[in-house]
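Read the structure below first, then the notes.
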Amino acid sequence: MSISWVTVPTPLPSGPLRLAVTEQGVAAVSYHGDAIGGVPGRVGIPECVDESRAGLVRARLAEYFEGRRTELGLPIDWRFTTGPHRTVLQTLTAQAGYGQTLTYGELGARSGVFEDFTDGGWTAARTVGKMMGANPLCLLVPCHRVVASDGLGGFGGGPRGLEIKRWLLTLEGVLPPTLDWNGPG
DNA sequence: TGCAATGCTTGTG
DNA sequence: CACAAGCATTGCA
């Protein structure tokens, strides 16, 4: 099984996106170029030389960022996720459509991996937040559509990462455009 | 507005 | 492989 990097230009405040692709699909996505949490052996992964595969990924993402595509429709390789983590991410992918948001607690409830909600959902919400932060499939698994019950919530990478979350939600029409909005529309 | 409750992921030894 | 630390939250007073 081979794995390789594809670099995709984006209008995101973070700049280009880096994706790790395999024969199965996209295995990981990084906003920060070379750092992906939870991806072992990420150093030494070669650039993708299969232009047909890289081209498809770039084309789909380009359309998405132009607002012409609401579903990426890219195959996902779940190899870097396991157990409850994978279940939650797959639940999110299946249930949070374009322009829709749900809360951490809600996702925890829907995923079915948390059985005890007698604490008011505290455990589920906190755990889901942790899972999102450890999500190697940002963007493909729409972790930016998961928000706190009383606001935007957080995002990996701190304040810098939050800009990305805001940008994506603006693209999808969840948030109103800001003055520095450089996306479509 | 401020506080207390917990489980999963990740980085070391 | 085992252990310890850190959180992308929530609901109630």
Side-chain angles (χ1 to χ4, degrees), chain A residues 3 5 10-15 17-20 22 26-45 64-65 72 76-176 178 181 183:
Chain A
I3 182 169
W5 288 114
T10 76
L12 288 170
S14 58
L17 214 52
R18 299 265 288 167
L19 293 89
T22 70
V26 180
V29 183
S30 172
Y31 291 114
H32 298 102
D34 51 356
I36 295 183
V39 180
R42 60 180 183 253
V43 178
I45 295 177
Y64 171 76
F65 284 122
L72 288 172
I76 296 177
D77 186 335
W78 298 97
R79 72 176 61 199
F80 293 128
T81 65
T82 52
H85 191 177
R86 176 180 296 194
T87 302
V88 170
L89 294 181
Q90 288 179 333
T91 300
L92 171 58
T93 306
Q95 304 221 350
Y98 190 92
Q100 295 185 314
T101 60
L102 62 166
T103 64
Y104 293 99
E106 205 174 319
L107 176 56
R110 292 194 191 181
S111 68
V113 304
F114 304 97
E115 299 175 3
D116 185 7
F117 281 84
T118 54
D119 62 3
W122 175 86
T123 298
R126 183 55 101 61
T127 305
V128 167
K130 208 67 180 102
M131 286 170 165
M132 294 301 106
N135 172 23
L137 289 161
C138 295
L139 193 59
L140 259 71
V141 172
C143 55
H144 58 277
R145 293 179 192 147
V146 185
V147 298
S149 65
D150 62 345
L152 194 56
F155 208 71
R160 177 102 167 113
L162 259 180
E163 288 181 40
I164 301 171
K165 184 173 187 174
R166 271 209 301 266
W167 198 99
L168 291 169
L169 290 175
T170 304
L171 172 68
E172 301 190 358
V174 177
L175 296 174
T178 50
W181 172 245

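First the proteins, then the strands, lettered A, B, ... as listed; each starts at 1. Fair warning: this is a prediction, and the values are worked out from it, not measured in the lab.
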| said: Using 30° and 60° as the class boundaries, would you call the ring planes of A:Trp181 and A:Trp167 parallel, tilted or perpendicular? | reply: tilted
| message | From the set C:dT9, C:dA8, B:dT10, return the single nucleotide nearest to any side-chain atom of A:Phe155. | response | C:dA8
| said: Is any side-chain heavy atom of A:Thr127 closer than 4.5 Å to one of A:Thr123? | reply: yes
| request: Give the rounded distance in Å between these two atoms: NZ of A:Lys165 and C1' of C:dT9. | output: 11 Å
| task | When you get a sec, tell me which of C:dC7, B:dT9, C:dA8 is the closest nucleotide to the side chain of A:Met132? | result | C:dA8
| said: So A:Gly121, base contact, sugar-phosphate only, or nothing? Heavy-atom distance under 4.0 Å. | reply: nothing
| request: Could you tell me the separation between the OG atom of A:Ser30 and the CH2 atom of A:Trp5, rounded to the nearest 0.5 Å? | output: 6.0 Å
| What is the distance, rounded to the nearest whole Å, between atom OH of A:Tyr104 and atom P of B:dC8? | 18 Å
| task | Look at all strands and tell whether A:Gly105 reaches a base, only sugar-phosphate, or nothing, counting heavy atoms closer than 4.0 Å. | result | sugar-phosphate
| note | Rounded to whole Å, the CG-C1' distance (A:Asn135 to B:dC8) equals 14 Å
| request: Starting at atom CG of A:Asp150, determine the distance to atom C1' of B:dG2, rounded to an integer number of angstrom. | output: 13 Å
| message | For C:dA8, give the paired nucleotide (Watson-Crick: N1-N3 plus N6-O4 or O6-N4; G-U: N1-O2 and O6-N3; both under 3.5 Å), or none. | response | none
| request: Report yes if the side chains of A:Leu92 and A:Val146 come closer than 4.5 Å at any heavy-atom pair, otherwise no. | output: yes
| request: Provide, to the nearest angstrom, the distance between the CG atom belonging to A:Asp119 and the C1' atom belonging to B:dC3. | output: 16 Å
| request: Would you mind reading off the distance between A:Met131 atom CE and C:dT9 atom P, rounded to a whole angstrom? | output: 14 Å
| query | Do A:Leu107 and A:Gln95 have side chains that get closer than 4.5 Å, going by heavy atoms? | reply | no
| task | Might you point out which heavy atoms bring A:Arg145 and A:Gly99 nearest each other, and give the distance in Å? | result | NE-N, 4.2 Å
| Aromatic plane relationship, A:Tyr64 with A:Tyr98 - under 30° parallel, 30 to 60° tilted, over 60° perpendicular | perpendicular
| note | In whole angstroms, the gap separating C1' of C:dA8 from CG of A:Leu102 amounts to 13 Å
| request: Answer yes or no: does a side-chain N or O of A:Ser149 lie under 4.0 Å from OP1 or OP2 of C:dT10? | output: yes
| task | Using whole Å, report how far NZ of A:Lys130 lies from P of B:dT10. | result | 8 Å
| remark: Numerically ordered, the residues 84-101 of chain A set in heavy-atom contact under 4.0 Å with DNA chain C is none
